[in-house]
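Only heavy atoms go into these numbers, but all of them, side chains included; no hydrogens, no water, no symmetry mates. Along the sequence shown, the residues carry numbers beginning at 1.
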Amino acid sequence: MDIRSRFGLRPVINASGTMTGLGASSVGAPVIDAVARMLPQFVEIDDLQRKASAVIAEACGSEAGYVTASCSAAITLTIAAAMTGDDPGLIERLPDTSGMPGLRNEVVIQTGHLVNYGAPVDQAIRLSGARVVPVGAATEAHGYQLNTAITERTAAALYVVSHHTVQFGLIPFEEFVAVAHAKGVPVIVDAASEYDLERFIAGGADLALYSAHKFLGGLTAGIVAGNKALVRAAYFQNGGIGRGMKVGKEGIVGAIVALEQWQQRDHLAIRARERGYLTLWRETLNRCEGVWAEIDADPTGNPLDRLKLHIDPKLARISAWDLADALARAPEGEAPVIVRDHEAELQFFFLDPCNLHAGEAQIVLSRILAELERARVAPEPIVTPFHQRDARRLDARRNWPD
Ligand SMILES: *Cc1c(COP(=O)(O)O)cnc(C)c1O
């Protein structure tokens with residue numbers, strides 16, 4: 001029996017990627033098995049985290065590592081570490097950083113990196129007590145601006161890698177590291193959703209942060225990799241502001257086994273399967289009136305392609321966001337299909353194949369074809385003004401849990 005039906009929940013077809021709001025990852029059997037066997041047992045958490053450190057160091061090419069509650073927590077706690085070091089008195093004082101002359105409590109970050117991944121990245125910084133110092137404009141930043149922004153108050157420089165960030169006109173990672181290091185400031189990289197576990201540490205980052213529950217397929221957790229003294233100082237925040245963000249033994253074991261499995265995963269076979277879905281979707285949907293489909297590479301360079309589906313509302317008689325909404329609402333008895341629609345006002349959305357279960361690619365296709373046909377024969381074109389759609393989504397949330 002599907003556990004979801006026991007709670008009266010609809011099954012969901014996830015064509016949007018790895019989303020907290022959809023339950024993050026589909027966790028594989030080896031991780032589930034290890035977690036199930038750890039859950040009834042007691043264990044010395046410092047030793048378990050010591051083991052995690054070795055596994056993370058091996059996977060990321062770093063000196064050390066540890067597991068925290070989430071990548072968002074990892075941002076807050078590593079920034080805290082850059083401010084306090086391993087001083088327990090300072091650790092217990094956070095997030096209050098006032099009245100401590102000489103304490104570095106500012107974090108520089110490019111304005112084009114101040115994104116929202118479900119919560120604002122600047123808030124994850126501010127939660128530590130640090131002050132955010134934006135560098136450059138939204139779509140343009142230069143090394144000289146970073147250089148000027150770094151002062152004797154700067155604790156760390158945060159670099160965000162994400163499809164959410166501005167993808168042009170900003171400071172390249174190598175230059176960002178060079179400028180920060182020339183001023184003796186550590187670089188922390190939020191690489192929550194990046195497949196390459198070694199690239200940022202190899203490129204000079206002092207700390208690289210990942211989500212364990214995204215591509216890795218672990219339980220909800222965050223992975224901190226990097227310089228041993230900074231990792232230690234971040235781990236010690238568990239005796240301070242990290243307490244409310246703590247990870248349990250299940251999350252630590254889940255991350256360890258997910259990292260081990262990642263090394264053994266048959267990445268080529270997975271890509272070939274995804275390529276099959278993408279080709280099927282593209283070939284079929286390109287025959288539909290008002291639809292243009294192309295295979296699109298991941299913007300941050302992950303080895304992952306998506307189908308980019310452009311909709312011409314005049315010809316298809318439905319807008320991209322109305323189509324995405326119709327798929328998500330789903331007729332009675334059908335599973336909602338959730339697509340990647342964060343740019344839908346530009347009249348396209350993406351189909352992400354990475355989290356589909358067997359047989360679901362075909363369902364995604366037939367649901368899209370059915371909704372396009374419904375629009376084709378509808379008396380009026382289905383084109384909701386964008387602000388109305390936004391308002392409808394906010395309304396739908398307002399009365400939760402009713
Ligand atoms: C998902 C994401 C986060 C948050 O990660 P969690 O582990 O879910 O807290 C932070 N930054 C970026 C760029 C992300 O994509």
Hey, is the main chain of [Y] close enough, under 3.5 Å, to the side chain of [X] for a donor-acceptor pair?
{"X": "His142", "Y": "Leu170", "answer": "no"}
{"X": "Thr78", "Y": "Ala74", "answer": "yes"}
{"X": "Thr154", "Y": "Ala156", "answer": "no"}
{"X": "Glu194", "Y": "Tyr210", "answer": "no"}
{"X": "Lys183", "Y": "Asn147", "answer": "yes"}
{"X": "Arg104", "Y": "Ala155", "answer": "no"}
{"X": "Ser70", "Y": "Ala221", "answer": "no"}
{"X": "Asp122", "Y": "Ile125", "answer": "no"}
{"X": "Gln123", "Y": "Ala119", "answer": "no"}
{"X": "Arg317", "Y": "Ala375", "answer": "yes"}

So how far is it from [X] [atom1] to [Y] [atom2], rounded to the nearest 0.5 Å?
{"X": "Ile79", "Y": "Leu94", "atom1": "CD1", "atom2": "CG", "result": "11.5 Å"}
{"X": "His213", "Y": "Thr220", "atom1": "NE2", "atom2": "OG1", "result": "5.0 Å"}
{"X": "Tyr66", "Y": "Phe236", "atom1": "OH", "atom2": "CZ", "result": "11.0 Å"}
{"X": "Leu351", "Y": "Trp281", "atom1": "CG", "atom2": "CH2", "result": "5.0 Å"}
{"X": "Ser366", "Y": "Glu373", "atom1": "OG", "atom2": "CD", "result": "13.5 Å"}
{"X": "Leu207", "Y": "Leu77", "atom1": "CG", "atom2": "CG", "result": "11.5 Å"}

Answer yes or no: is there a side-chain heavy-atom contact under 4.5 Å between [X] and [Y]?
{"X": "Ile318", "Y": "Val383", "value": "no"}
{"X": "Ile13", "Y": "Ile338", "value": "no"}
{"X": "Ile270", "Y": "Asp266", "value": "no"}
{"X": "Arg282", "Y": "Ile295", "value": "yes"}
{"X": "Val253", "Y": "Leu39", "value": "no"}
{"X": "Val135", "Y": "Thr111", "value": "no"}
{"X": "Val247", "Y": "Gln49", "value": "yes"}
{"X": "Leu114", "Y": "Pro134", "value": "yes"}

- Task: With Thr68 as reference, evaluate Ile252, Val224, Thr76 under the side chain to side chain contact (heavy atoms under 4.5 Å, CB included) test and give the passing residue.
- Result: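 Checked Ile252, Val224, Thr76 against Thr68; only one passes side chain to side chain contact (heavy atoms under 4.5 Å, CB included): Val224.
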
Under a 4.0 Å threshold between the charged nitrogen and the carboxylate oxygen, would [Y] count as salt-bridged to [X]?
{"X": "Asp33", "Y": "Arg37", "answer": "yes"}
{"X": "Asp352", "Y": "Arg340", "answer": "yes"}
{"X": "Arg50", "Y": "Asp47", "answer": "yes"}
{"X": "Arg398", "Y": "Asp395", "answer": "yes"}

**Asked** Checking side-chain contact (heavy atoms from CB on, under 4.5 Å) for the pair Met38/Glu250: CA distance, chi angles, key distance, verdict?
**Response** CA-CA 7 Å; Met38 182 59 89; Glu250 64 283 358; over 6 Å; no

Which is it for Arg389 and Asp341 under the salt bridge (Lys or Arg N to Asp or Glu O under 4.0 Å) test, yes or no, and what are the steps along the way? CA-CA 12 Å; Arg389 181 207 195 214; Asp341 66 349; 2.6 Å; yes

Taking all atoms of both residues into account, what is the closest heavy-atom pair of [X] and [Y], and its distance?
{"X": "Ala316", "Y": "Ile311", "value": "CB-CG2, 3.9 Å"}
{"X": "Ala130", "Y": "Val107", "value": "CB-CG2, 3.9 Å"}
{"X": "Ala15", "Y": "Val364", "value": "CB-CG2, 4.5 Å"}
{"X": "Thr97", "Y": "Gly129", "value": "OG1-O, 3.4 Å"}
{"X": "Ala80", "Y": "Ile241", "value": "CB-CD1, 3.9 Å"}
{"X": "Ala293", "Y": "Asn286", "value": "N-OD1, 2.7 Å"}

> Do the ring centers of His164 and Tyr117 come within less than 6.0 Å of each other?
Replying inline: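 No; Tyr117 has its ring centre 6.0 Å or more from that of His164.
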
**Prompt:** Centres of the Trp262 and Phe215 rings: under 6.0 Å?
**Reply:**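 Centroid separation for Trp262 and Phe215: below 6.0 Å.
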
More than 12 heavy atoms of other residues, nucleotides or ligands under 6.0 Å from [atom1] of [X]: is that the case?
{"X": "Glu44", "atom1": "CD", "answer": "no"}
{"X": "Glu380", "atom1": "CD", "answer": "no"}
{"X": "Glu58", "atom1": "CD", "answer": "no"}

ask   = When you look at Leu323 and Phe349, which way does the side-chain contact (heavy atoms from CB on, under 4.5 Å) test go after all the steps?
value = CA-CA 9 Å; Leu323 181 53; Phe349 60 75; 3.8 Å; yes

Problem set entry | Ring-face cation of Lys214 near Tyr195 (centre distance under 6.0 Å, axis angle within 45°) |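 Relative to the ring axis of Tyr195, which defines the angle, Lys214 lies outside at least one limit.
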
Parallel, tilted or perpendicular: which one describes the rings of His163 and His342, with boundaries at 30° and 60°?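 Answer is tilted, since the angle falls between 30° and 60°.
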
Side-chain donor-acceptor contact under 3.5 Å, [X] with [Y]:
{"X": "Asn355", "Y": "Ser26", "answer": "no"}
{"X": "Thr384", "Y": "Asp322", "answer": "yes"}
{"X": "Asp206", "Y": "His181", "answer": "yes"}
{"X": "Arg243", "Y": "Asn238", "answer": "no"}

**OP:** Could you check Leu356 against Tyr277 for side-chain contact (heavy atoms from CB on, under 4.5 Å), going step by step and ending with a plain yes or no?
**Re:** CA-CA 10 Å; Leu356 291 177; Tyr277 299 161; 4.0 Å; yes

Apply salt bridge (charged side-chain N to carboxylate O under 4.0 Å, His left out) to Arg4 and list each qualifying residue two or more places apart in sequence or on a separate chain.
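Testing Arg4 for salt bridge (charged side-chain N to carboxylate O under 4.0 Å, His left out), a comparison that skips the adjacent residues, returns Asp2.
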
TODO: List for me each residue that meets salt bridge (charged side-chain N to carboxylate O under 4.0 Å, His left out) alongside Asp305, sequence neighbours excluded, and say none if there are none.
DONE: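 With sequence neighbours excluded, Asp305 shows a salt bridge (charged side-chain N to carboxylate O under 4.0 Å, His left out) to Arg271, Arg275, given in chain and number order.
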
- Task: Apply side-chain contact (heavy atoms from CB on, under 4.5 Å) to the pair Phe350 and Glu343, showing each step before the final yes or no.
- Result: CA-CA 9 Å; Phe350 297 91; Glu343 293 167 277; 3.5 Å; yes

If you apply the rule side-chain hydrogen bond (donor to acceptor under 3.5 Å, both in side chains), what do you find for Gln237 with Thr84, and how did you get there? CA-CA 9 Å; Gln237 305 297 324; Thr84 64; 2.9 Å; yes

